[in-house]
Amino acid sequence: FGNSVKAMFESMLFLFVQHPFDTGDNLLLSGVISKVKKITLLHTEFIQLSGERVYQPNTVLSGMTIINYSRTKSKTEFIVITLDVGVGPEVLADMMVDMGEHATA
């Protein structure tokens, strides 16, 4: 019972005092980009770019480095491009160059 109360208290401090994210924010957690789907007192539900749902205890999140793309001044858009395994490296390199030129235009 004592551990449950401790976890709830730590989660409340994390969510209400630190308040690092809101529902709908795009975060980088442990190298994975995720969108905050639902926040509860004990855990937070994320949806990764792959569509997987991940449930993370808030006590674990409080010890992680969180990058919140939704609160940064420079906005980022993510585009998922699916290619056939037969696409050659030259074609892929050309696509990367074209996308870089388009992004800076």
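Model, not experiment: these values are computed from the prediction. We count residues from 1, following the sequence as given.
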What's the separation between atom CG in L42 and atom CE in M12, rounded to the nearest 0.5 Å? 10.5 Å
Distance in Å, L92 CG paired with L83 CG, rounded so as to fall on 0.5 Å steps: 6.5 Å
Within a radius of less than 6.0 Å around CG of N3, do more than 12 heavy atoms belonging to other residues, nucleotides or ligands occur? no
Going by atom types only, do S34 and N26 share a side-chain donor-acceptor pair under 3.5 Å? no
Minimum heavy-atom separation for N58 and F14, please, with both atom names. O-CD2, 3.9 Å
Just jot down the side chain to side chain contact (heavy atoms under 4.5 Å, CB included) partners of K37, sequence neighbours excluded, or say none. E45, I47, R53
Nearest heavy atoms of S30 and M64, plus distance in Å: OG-CE, 3.1 Å
Is there a side-chain contact between Q56 and L29, using heavy atoms and a 4.5 Å cut-off? no
Per the side chain to side chain contact (heavy atoms under 4.5 Å, CB included) rule, which among V32, I39, L61 passes with F46? L61
If you link I, L, V, M, F, W and Y whenever their side-chain heavy atoms are under 4.5 Å apart, who else ends up in the same group as V17? F9, L13
Nearest 0.5 Å, what's the CG-OG distance between L15 and S62? 9.5 Å
Heavy-atom closest pair, residues D25 and S70: CA-OG, 3.2 Å
